[in-house]
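Worksheet for the structure shown next.
For ligands, and for the atoms within them, numbers begin at 1 and follow the listed sequence. Just so it is clear, the values below take in all heavy atoms, side chains as well, and ignore hydrogens, waters and symmetry mates.
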Amino acid sequence: MAKRAFNTIVIKVGSSSLTTSDGKLDLVNLKKIVTEIAALVKAGKKIILVTSGSIVCGAEKLGLGKPKTIPEKQAAAAVGQSRLMRQYEKAFEEFGLTVAQILITRDAIADRERYLNARNTFNTLLTEKVVPIVNENDTVAIEEIKIGDNDNLAALTASLIGADLLVLLTDVDGFYMKNEEGIPYFAAEIKEINKEVESAAGQPSTQLGTGGMITKLQAGKVCADAGVYMAIINSRKEGLLQQLVEGKQVGTIFLPKESKLDGRKRWLVHGLKTEGALIIDAGAETALLKNGKSLLPVGIKAVQGKFQAGALVAIADEDEKELARGLVNLSSKELLEVIGKKDVGEAVHRDNLVIL
Ligand code: GLU
């Protein structure tokens with residue numbers, strides 16, 4: 001493989017990296033992270049920071065303990081986001097760097113025009129040598145429009161701007177695989193996120209963040225499709241970020257796929273949420289996977305969920321293994337009337353279809 005060149009880099013800091021053992025904002029680690037990022041910016045790298053910690057930071061100020069209800073979490077996020085930004089702004093100022101706050105929700109990504117607009121904004125900020133600092137807009141994000149965790153948010157951001165590398169800074173050294181006896185061992189490189197890797201991920205591990213290894217693997221899949229390397233490294237150890245960017249082996253690195261999806265297909269497959277599923281027969285599977293054809297109603301066995309024309313749906317075989325995703329030409333109601341029939345147009349046009 002060619003030598004890795006990491007120029008545009010998204011760095012995600014998890015809540016666990018920004019919180020002390022007694023639940024306070026960890027300013028020492030925040031400053032350490034900023035110092036390392038500033039050095040990269042000075043060296044000419046384009047860096048986008050995705051930070052968690054608004055809820056933890058706001059809860060501390062409000063004396064809420066660990067907020068439980070959604071209004072409590074959203075109130076904590078509203079208080080915490082500005083506290084967090086204040087600290088980042090001060091820390092980056094020490095290095096003469098300007099920051100910008102970008103708060104994202106799923107709908108900003110799901111709408112193609114807004115998505116492209118966000119990309120232009122990022123590019124302008126990076127050209128101006130500003131460090132964009134991204135978080136989800138937790139205060140207004142309700143379930144339907146939520147990305148939900150910052151691992152996925154960071155991966156979507158990396159895909160959006162076509163980054164070379166996504167770094168997940170966390171409180172563990174990297175990813176652990178499990179051997180046949182179920183005993184964990186450290187994995188320096190993951191070539192592909194397959195079933196074996198997924199089963200090693202287990203349950204979300206941190207009490208503070210939303211993520212854990214499961215969301216990190218979801219992020220890894222988004223990155224793999226987008227041609228972006230992803231690394232998990234320990235946020236508390238000195239110098240790792242620098243070494244990683246220089247191409248040294250630190251933490252766990254996840255390799256991208258050799259042929260990445262183009263920008264629109266990436267947006268389609270990961271930017272949108274699936275609203276239903278189409279179960280297809282073996283003939284349609286061959287047409288899609290081998291012959292590069294569109295999906296026709298004749299090959300659809302069942303329609304799951306309720307959706308409008310234009311929705312993103314999963315396309316699965318009869319064992320419900322997801323094979324592809326695509327934007328449907330017909331609503332679920334219309335599809336139910338035509339499935340199994342010939343010569344009734346296309347259910348999903350090839351251009352709006354991504355094989356997984
Ligand atoms: N957006 C959340 C926060 O700032 C964090 C979500 C996450 O940790 O994944 O508190």
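- No salt bridge links Asp149 with Lys216; every basic N to acidic carboxylate O contact stays at or beyond 4.0 Å.
- Which parts of ligand 1 touch Ile55 is read off a 4.0 Å heavy-atom cut-off, strictly below it: atoms 3 (C), 10 (O).
- For ligand 1, none of its N or O atoms has an N or O atom of Thr51 under 3.5 Å away.
- For a threshold of 3.5 Å applied to N or O pairs, the pair formed by Asp138 and ligand 1 contains at least one separation below that value.
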Return all side-chain donor-acceptor pairs below 3.5 angstrom for residues 46-63, not counting sequence neighbours, or 'none' if the list is empty.
unit_1	atom_1	unit_2	atom_2	d
Thr51	OG1	Tyr88	OH	2.7
Ser52	OG	Asn150	ND2	2.8
Ser54	OG	Asp138	OD2	3.4
Glu60	OE1	Leu25	N	3.0

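- Polar contact check, Asp149 against ligand 1: no nitrogen or oxygen pair lies under 3.5 Å apart.
- Outside the 6.0 Å centre-distance limit, the rings of Tyr185 and Tyr176 are not counted as a close aromatic pair.
- For Gly148, no nitrogen or oxygen atom sits less than 3.5 Å from a nitrogen or oxygen atom of ligand 1, counting backbone and side chain alike.
- Atoms of ligand 1 lying under 4.0 Å from at least one heavy atom of Asn135, given by number and element, are 1 (N), 3 (C), 4 (O).
- Each of the atoms 4 (O), 5 (C), 7 (C), 8 (O) of ligand 1 lies under 4.0 Å from some heavy atom of Ser52.
- Using a 4.0 Å cut-off between charged side-chain N and carboxylate O, Glu198 and Lys221 make a salt bridge.
- Atom-to-atom distance recorded for Leu168:CG and Phe254:CZ is 8.0 Å, nearest 0.5 angstrom.
- Using 4.0 Å as the threshold, Ser15 has a heavy atom nearer than that to some atom of ligand 1.
- Between Glu136 and ligand 1, no N or O atom pair is found at a separation short of 3.5 Å.
- For Glu320, the side chain to side chain donor-acceptor pair (under 3.5 Å) partners two or more places apart in sequence, or in a different chain, are Gln304.
- At a heavy-atom cutoff of 4.0 Å, ligand 1 is contacted by no atom of Leu84, backbone or side chain.
- Not a single N or O atom of Asp151, backbone or side chain, sits closer than 3.5 Å to an N or O atom of ligand 1.
- For the side chain to side chain donor-acceptor pair (under 3.5 Å) criterion with Asn29, the lone passing option out of Ser16, Ser17, Ser235 is Ser235.
- Salt bridge present: Asp173 and Lys237 bring a charged side-chain N and a carboxylate O closer than 4.0 Å.
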